[in-house]
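The structure appears below as structure tokens.
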There are 2 protein chains.
Amino acid sequence: MATMRDVARRAGVSVATVSFVVNDSKPVSPGTRLRVEAAMAELDFRRNAVARALASRRTRIIALLFPVLQHRLSDTAARFFTGAAEAASELGYTVVLWPVPNDSESLRELTSDGLIDGVILMEVQLDDHRVDQLLAAKTPFTLIGRNRDPSALDYVDVDFEGMVEQSIDRLQSLGHRDFVLLEESDRLELEGYGPVVRVEETFQAVCAERGLRGRTLRCAGTPAGGRTFASTLLAEAPHATAILILNDHAAVGFVSELGKLGVSVPRDLSVVLIGSTVEVSAMADPELAVMRLPAAELGRMGVETLVGRLDGTLGDLRHDLLMGGFHEGESLAVAPVARGGLGRASA
Amino acid sequence: MATMRDVARRAGVSVATVSFVVNDSKPVSPGTRLRVEAAMAELDFRRNAVARALASRRTRIIALLFPVLQHRLSDTAARFFTGAAEAASELGYTVVLWPVPNDSESLRELTSDGLIDGVILMEVQLDDHRVDQLLAAKTPFTLIGRNRDPSALDYVDVDFEGMVEQSIDRLQSLGHRDFVLLEESDRLELEGYGPVVRVEETFQAVCAERGLRGRTLRCAGTPAGGRTFASTLLAEAPHATAILILNDHAAVGFVSELGKLGVSVPRDLSVVLIGSTVEVSAMADPELAVMRLPAAELGRMGVETLVGRLDGTLGDLRHDLLMGGFHEGESLAVAPVARGGLGRASA
DNA sequence: TTGTACGCGTTATCAG
DNA sequence: CTGATAACGCGTACAA
């Protein structure tokens, strides 16, 4: 493998000059530049990233932290990753998905051995110890999501508040006044996951504000959990005519089971999936309305923010909220006011 | 950040000695070792991975190549990644998921800039240009999957042949003699994806051998594709009593639509999902039988093989085939011989 | 058992 | 505009 010295010798210049043309960090006369470029081509020169990193004290690598205990890397996370990768590549960085066990040691090692310039955190918890560790390690980072008090941190997050509000808007325009919000029970118990908390708070606030009936219920984040929940819903909230679901994995089972119980979507019940994808929505029958999670955009913005911080071109803190588009699907209909609720829906 | 020099000074030894205790690459007397360790602790010394890599000419980083065009990173891939990560960590390596655009330049850069020691390839195509590129670049790599002629390469792959055979065994023991294999149409057109080809060949061979009826059909790899396929099946293979599905994303829609058409699973049709997960199987109703893809194990073995190659502790080529466990689910039943096939199933 | 000194391939500084 | 040359932080013969 050819080094800069080889190229320099071949072109009859010094290594410094070669470096200048490689990075064009300094002006170089057209003549020598040509000679250097020729030499590089002839020798098939590839710059050594490790040496480069050692000398410049930056690797231009960004780690997207992936908690290894979390066994499901959703579609959403994949999109997020590719969005981030694209943006990084445009900015001269590369982002890699880095598996980090949940012990505190691994994160310290990762951030202190100099192999990465910065970190992007996803699946941020309300009280996330990783944030403190990164602050202590003085590693530049940005959040995808928010912890309890992110006011002093760079973050990009989904505008769950807006998404909930907009979903309710849409349903209200169809005459619905009696809502249920379905969340995932396991996640909440875990510690306090931002989206879950924020969605619930917004949901309750909006309902109160507008004089709507709003009830929050939960079930396990599995298809079976959703199935079981179908009858729970009929028992606990028979009058509801619309449901917002923040529980991807339960949604399909839930809707399928509803059908068996004689409840028709959307005739008897309108359904909106929050923060999911059209792919998931298409798994259900009928295809569900969904407020999409703007995954790729989040990834892109996360990287742009972090790179801005790394390159020093970012002065103030960045706090961005993004909303995903609304996909209508086949699960919305005018509220069945005349029918008297779910209990008699199929009668 | 403390360097080795700092530690050496503090402990009153030379940097070489510090290096010896850090890597224990040479015997060190208990006394000085203790002094060095104390100094390291006091100064909170962390070795610089970049300098280490430059000097030793190895980074101990393995890249798991992730094709960015592929927007769905399945559950399976996630498991695979975590399995690989675990194994790597035990062996003193770290594996990261590296996004690689599909242009040939990116892969060359990745492998020639010295940032990674080796590569693991997943989603290997029958004719995969990446293999040639890696060979040309002399980058150590192992395949998860197989290209057309992998005889000279290290690989770990799913034993699709065994899985198909075992599935047919099970169904045959229930009296089934008339099978359909459902594959994904898009993937095959793409180029020739190993699993698809191998499963089909095995399916046809086993059926021929045992005098069974076996028909291969395809549909799009989407829920909608599966739905459409339900009626296709009734038209094209009304006599079939069992179906093997190598099409994750279509399975749920397919089964759901079958129900609407009055075909009952498993009474009228037995269903086995091939190379998927219980999570996907649970999305369907009833829960499907599934020959699981041993994802985590594949990841683990892939890393073990590659590391063995990197460390030179692996003499011969490694060719490993793994089978996943069989999950019974609720989609298997005795063949409805008396009923005369799907066409009249619900009559 | 420990120390010296050089090399790894670039970048960056400073002089010309 | 170009060239020497000193870092960058660590591994490792070789010498002591």
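If you're wondering where the values come from, they're calculated on a predicted model, not measured in any experiment. Each chain gets a letter, A, B and so on, in the order its sequence line appears, and its residues count up from 1.
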Looking only at the side chain of [X] (C-beta and beyond, no hydrogens), which of the listed nucleotides [options] gets closest?
X: A/Ser14; options: D/dG11, D/dG3, C/dT11; value: D/dG3
X: B/Ala55; options: D/dG9, D/dT2, C/dT11; value: D/dG9
X: B/Asn48; options: D/dT2, D/dC10, C/dC8; value: D/dC10
X: B/Ser19; options: C/dT11, D/dT12, C/dT1; value: D/dT12
X: A/Leu54; options: C/dG9, C/dA12, C/dA5; value: C/dG9
X: B/Ser56; options: C/dT4, D/dG11, C/dT11; value: D/dG11

Less than 4.0 angstrom between a side-chain N/O of [X] and OP1 or OP2 of [N], yes or no?
X: B/Arg57; N: D/dG11; value: no
X: B/Thr17; N: C/dG3; value: yes
X: A/Thr32; N: D/dC1; value: no
X: A/Thr3; N: C/dG9; value: no
X: A/Arg52; N: C/dT11; value: yes

How would you label the contact of [X] with the nucleic acid (heavy atoms, under 4.0 Å): base, sugar-phosphate, or nothing?
X: A/Ser25; answer: nothing
X: A/Arg47; answer: sugar-phosphate
X: B/Val13; answer: sugar-phosphate
X: B/Arg33; answer: nothing

Hey, do the aromatic rings of A/Phe81 and B/Phe66 have their centres closer than 6.0 Å?
yes

Hydrogens and angles aside, do B/Thr59 and B/Asp117 bring a side-chain donor and acceptor to less than 3.5 Å of each other?
yes

Starting from C1' on C/dT10, measure out to CE on A/Met1 and report it in whole angstrom.
16 Å

Just the rounded figure in Å: distance from C1' of D/dC10 to CZ of B/Arg58.
15 Å

Taking for each residue the nucleotide of DNA chain D with the nearest heavy atom, is it B/Ala51 or B/Phe20 whose nucleotide lies nearer the 5' end?
B/Ala51

Applying side-chain contact (heavy atoms from CB on, under 4.5 Å) between B/Phe141 and each of B/Ile120, B/Leu65, B/Val131, report the one that passes.
B/Val131

Side chain proximity check, A/Val119 to A/Ile62, heavy atoms < 4.5 angstrom:
no

Just wondering, do B/Leu134 and B/Asp132 contact through their side chains at under 4.5 Å, heavy atoms?
no

